[in-house]
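Here is the structure we will look at.
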Amino acid sequence: MAMRLSAVDRDAEPTGTRVLLWLSRYGTILALVLLILFNLAFTRNFATWQTLNINLTQVSTIVIVAIGMTLVIGSGGIDLSVGSLMAIAGALAPLIFLNRIVEFPNIYVGVAFAFVIPVMIAGLFGYLNGWLITRFNVQPIVGTLILFIAGRGIAQSFTDSNQVIFTTPEFQFIGLGRVFGIPIQVLIMTVIVVLAAWTIRRTIFGKQLLAIGGNETAARLAGVRVTRIKRQVYTISGICSGIAGIIVIARNSAADSNLVGLGVELDAIAAVAVGGTLLTGGRAYVFGTLLGALIIQLVRFTLLANGVPDAAALVIKAGLIILAVWLQRRAAS
Amino acid sequence: MDGPLPLLRMEGMNKRFSGVPALSGASLDIDPGEVHALVGQNGAGKSTLIKILTGAYRKDAGDITFEGRRIEFASPEAAQRGGISTIYQEINLIPYRSVAENIFLGRPYRRFGFLDWPRMNREATELLRRFDVRIDVHEPLFAFNTAIQQMVAIARAVSFDAKLVIMDEPTSSLADNEVEILYGVIRQLRATGISVIFVSHKLDELYEVCDRVTVMRDGRTIATTSMAEISKLELVAAMLGRDMQSVRREGQTSFHGKSHGVHRDLLSADGLVAGTKVKNASVSVSSGEISGLAGLLGSGRTEVARLIFGVDQPDAGTIVMEGRAVKFAEPIDAINRGIGYCSEDRKVEGIVPEMSVRENLTLAILPRLSQWGIVDEVRQQEIVNKFIERLGIKTSGPDQKIRELSGGNQQKVLLARWLCLDPKVLILDEPTRGIDVGGKAEIQMLIRELAEAGLGVLMISSELEEVIEGSDRVFVLRDGRTVADLQREELSEIVVMTAMAHGEGTADGNAA
């Protein structure tokens with residue numbers, strides 16, 4: 001890649017600019033393809049159904065959270081509370097299906113409630129984020145920091161800081177089950193990605209959200225209900241976090257409020273950034289975010305599968321973010 | 001030499017910004033111990049001149065002499081140490097630090113290597129007492145109102161042993177009684193031999209407190225004279241670039257105010273009051289007519305437009321649309337009643353730069369182009385094509401980003417954003433500002449066409465020709481008050497300028 005660039009530099013400048021533009025637009029795909037090619041060549045047992053499923057399963061919750069994050073960032077905000085909201089949803093769900101709050105006539109009713117209620121609560125907390133930000137004009141990073149800190153405390157208080165362990169197949173199918181060999185969580189992820197991409201592309205909500213991120217004053221003067229849209233965006237981010245939280249505890253057969261969703265906000269933001277969405281708002285590349293998350297996941301997998309420690313993977317992850325931002329900058333100027 | 005040696009002399013000042021001249025041979029003389037007004041329209045070069053003086057900008061050419069020495073300050077801090085302090089419109093002190101800390105910020109007294117708080121607090125208290133301000137200097141600055149904060153800024157300037165204090169629209173956020181206090185302080189400064197450059201758009205203030213005035217226009221110094229020797233009308237004429245002789249002749253024939261017949265008012269705002277900027281403003285728009293809204297900078301024109309459009313909320317006053325009293329909590333409410341608003345600042349309040357022409361053009365109409373929240377892209381495309389053609393928007397296509405368009409074409413897209421809604425009333429704030437001559441004429445013609453097709457237009461403009469030639473009726477704002485309501489047949493430069501200057505003549509009776 002570097003060789004191609006330097007070869008181009010000798011040509012007329014516009015060509016170099018075009019390469020940069022192309023890279024900033026398709027660089028994420030290119031990187032993913034290169035990573036896959038590398039693994040096909042060097043990693044043993046890479047081209048198997050199992051490897052694919054492992055990677056997709058591991059990345060699905062990050063993608064789900066990152067999609068909510070993409071919308072928030074597109075509207076010019078940021079949501080630090082996603083990990084804590086995952087913990088809240090994760091702590092609440094087992095209490096419901098284990099009949100610790102109310103006695104359900106049968107397990108299926110309990111499980112149904114265990115899916116719906118925690119996700120709704122997470123959405124409600126998301127709305128609270130939006131309310132704080134719009135009502136008091138708090139910066140999003142500060143507004144969501146409140147629940148980032150308090151949310152985990154709330155989650156711990158649900159379970160008295162204890163880890164709740166369970167074996168409930170009726171509930172856990174969401175994290176462990178498969179349909180035609182595809183993990184259910186991957187299907188959920190796919191649905192959310194497609195839905196979000198469609199929302200951004202085709203709905204008024206999507207267009208108005210990007211208008212707010214691009215120029216909030218102009219959007220308001222053009223009749224966009226800025227307050228309402230912002231609250232909705234944070235609510236959606238909360239719902240995504242809630243879904244991710246439930247999947248995580250189902251996968252782990254345990255709800256540990258101290259660990260569920262820990263640090264996921266940074267993974268999500270990294271996926272958004274690598275995916276090419278400007279952190280300043282006004283754009284939202286949903287599929288870019290999916291690719292960004294896949295790249296980060298695949299880098300980690302590649303390094304682990306080839307005997308490089310996780311610590312090094314972290315540094316390389318940071319390197320990727322720098323590269324993505326650099327490309328955006330160069331293409332913009 | 002005649003008279004005392006000036007404290008400050010700026011001569012032949014030139015400055016260009018990316019090729020565009022901001023100053024062309026401007027000059028400014030300030031005597032010791034005088035209060036000197038600096039006035040001019042937007043873009044006249046006042047702030048550029050001041051920023052060069054205080055070292056915020058580099059001059060391209062010109063000489064600056066201060067206290068008999070040639071100077072060129074490298075930064076506002078250097079200017080402050082050299083004896084020139086600036087009090088900005090928005091006070092640039094630190095709200096969460098104490099008053100004393102703010103006064104001695106950057107050069108605290110020390111004793112044995114430690115900050116000498118008792119001395120700083122004592123001196124701060126004394127300094128403020130000189131201006132009759134008695135407050136606890138230990139308190140954080142934000143605990144006090146704007147006027148006191150301004151006094152603190154002035155005290156800070158004085159503590160630097162300033163010989164010259166520059167005040168940039170110091171009264172714009174002050175209440176009436178606070179303004180009186182500020183005048184007192186300014187007179188105090190003058191009495192102690194400190195000179196003041198007073199930038200303001202409120203004529204009464206200038207006559208109240210200033211000794212001399214320098215008028216700037218288009219980067220040049222037009223006149224410097226004693227306040228006693230120039231009438232308000234002459235001052236306005238100089239700022240707007242009108243020849244007083246011809247204005248007077250014209251004025252003798254057409255200057256008279258009359259009350260008017262009944263209007264089929266589509267929209268009327270009556271007795272609007274909001275904050276310190278809008279005190280008693282009334283305007284109205286009839287269908288098929290262009291109502292002009294004239295006034296000097298800072299007279300509250302944009303603020304009135306924002307109140308009508310629901311961007312800001314009035315403290316008092318009524319807005320009537322098609323015979324019914326309305327209250328718009330948000331712009332969308334005004335839009336739904338058939339009002340559009342093209343704001344003055346295209347970049348900040350108009351375009352969404354990263355979005356395409358298509359998305360910018362249809363931003364306001366989107367909710368009407370949809371079912372179940374899904375955009376009807378076919379209809380969207382029809383509208384975009386129609387308006388690109390109808391307004392002659394020069395673009396490589398609807399997908400081009402709007403920031404890549406010229407100013408005139410951006411403005412057309414923004415006009416189209418409102419026109420596609422088929423509004424009843426369109427408020428245009430400086431519709432031709434920053435647009436080249438060709439584009440300007442095109443947009444003016446378009447506005448006229450629209451009015452003839454039945455649209456009611458409220459047009460705000462700083463350009464006298466635009467208002468007078470373009471309007472069927474003109475409201476003149478002065479210091480937040482509507483002081484004249486003029487019909488087409490009584491419109492003339494002298495009438496409008498007189499209203500701007502004196503706020504008399506046609507004022508009472510019509511503007512109620």
Side-chain angles (χ1 to χ4, degrees), chain A residues 17 21 24-25 71 73-76 134-135 137 194-233 235-236 276-285 288 328-329 331-333, chain B residues 305-306 309-312 328-356 358-377 380 401-403 410 413-414 416-418 420-421 423 427 429:
Chain A
T17 319
L21 271 174
S24 77
R25 198 168 299 163
L71 301 189
I73 287 177
S75 78
T134 50
R135 175 70 180 76
N137 246 335
V194 171
L195 202 65
W198 177 80
T199 302
I200 287 292
R201 217 164 277 177
R202 288 300 307 273
T203 66
I204 301 180
F205 173 76
K207 298 290 171 198
Q208 294 193 332
L209 173 163
L210 293 182
I212 293 172
N215 186 345
E216 186 173 331
T217 316
R220 179 171 176 236
L221 289 179
V224 175
R225 294 187 189 274
V226 175
T227 303
R228 183 189 292 179
I229 302 264
K230 276 191 178 173
R231 289 178 186 181
Q232 287 170 349
V233 170
T235 307
I236 290 172
T277 295
L278 287 174
L279 291 187
T280 46
R283 282 195 237 165
Y285 299 128
Q328 281 180 23
R329 280 276 171 85
S333 63
Chain B
R306 289 170 63 95
F309 194 58
V311 189
D312 303 320
F328 303 131
E330 276 287 315
I332 182 72
D333 303 325
I335 293 168
N336 287 340
R337 284 304 298 264
I339 305 177
Y341 170 54
C342 262
S343 110
E344 164 184 34
D345 196 330
R346 258 197 316 276
K347 257 212 183 104
V348 176
E349 300 188 334
I351 65 170
V352 184
E354 286 297 321
M355 283 188 150
S356 65
R358 180 210 324 272
E359 289 171 313
N360 268 286
L361 199 153
T362 53
L363 187 57
I365 203 177
L366 269 186
R368 297 185 202 175
L369 282 184
S370 67
Q371 240 181 345
W372 305 105
I374 302 160
V375 180
D376 181 344
E377 289 181 342
Q380 185 184 28
K401 286 195 173 150
I402 194 167
R403 65 178 157 83
Q410 286 182 1
V413 173
L414 295 181
R417 180 188 282 175
W418 297 114
C420 67
L421 286 166
I427 306 170
D429 196 349

Checklist entry - So what's closer than 4.5 Å to chain A heavy atoms on Ile335(B): side chain, backbone, both or neither? => result side chain

Item to check | chain A contacts, top residue of Glu359(B), Arg306(B), Glu377(B), Glu354(B) (heavy-atom pairs, under 4.5 Å) | outcome: Glu377(B)

Next on the checklist: Just verifying a value: how many Å separate Arg202(A) CZ and Ser370(B) OG, rounded to the nearest 0.5 Å?
Outcome noted: 11.0 Å

Checklist entry - What pair of heavy atoms forms the shortest contact from Ala218(A) to Gly350(B), and how long is it? => result CB-O, 3.1 Å

Item to check | Residue pair Ile204(A) / Val375(B): nearest heavy atoms and the distance that separates them | outcome: N-CG2, 3.8 Å

Next on the checklist: Does any backbone or side-chain atom of Trp418(B) lie under 4.5 Å from a heavy atom of chain A? Answer side chain, backbone, both or neither.
Outcome noted: side chain

Checklist entry - What closest approach, in Å, do Ala211(A) and Leu363(B) show between heavy atoms, and which atom pair accounts for it? => result CB-CD1, 3.6 Å

Next on the checklist: Within a 6.0 Å radius of atom CZ on Arg337(B), are there more than 12 heavy atoms belonging to other residues, nucleotides or ligands?
Outcome noted: yes

Next on the checklist: Shorter than 4.5 Å, heavy atoms on both sides: which option in Ile374(B), Asp376(B), Asp333(B) has the most such pairs with chain A?
Outcome noted: Ile374(B)

Checklist entry - Does the Arg417(B) side chain pair with the main chain of Ala222(A), one donor and one acceptor, at a distance under 3.5 Å? => result no

Checklist entry - Where is the tightest heavy-atom contact between Leu221(A) and Ser343(B), given as atom of each residue plus distance? => result CD1-CB, 4.2 Å

Next on the checklist: For Glu349(B), is there an ion pair with Arg220(A) - N to carboxylate O distance below 4.0 angstrom?
Outcome noted: no

Item to check | Proximity breakdown for Ile351(B) and chain A, heavy-atom pairs closer than 4.5 Å | outcome: backbone

Next on the checklist: Whether Arg225(A) and Glu330(B) form a salt bridge (side-chain N of Lys/Arg under 4.0 Å from carboxylate O of Asp/Glu) is what I want to check.
Outcome noted: no

Checklist entry - Looking only at atom types and distance, does a side-chain atom of Asn215(A) sit under 3.5 Å from a main-chain N or O of Pro353(B), one as donor and one as acceptor? => result no

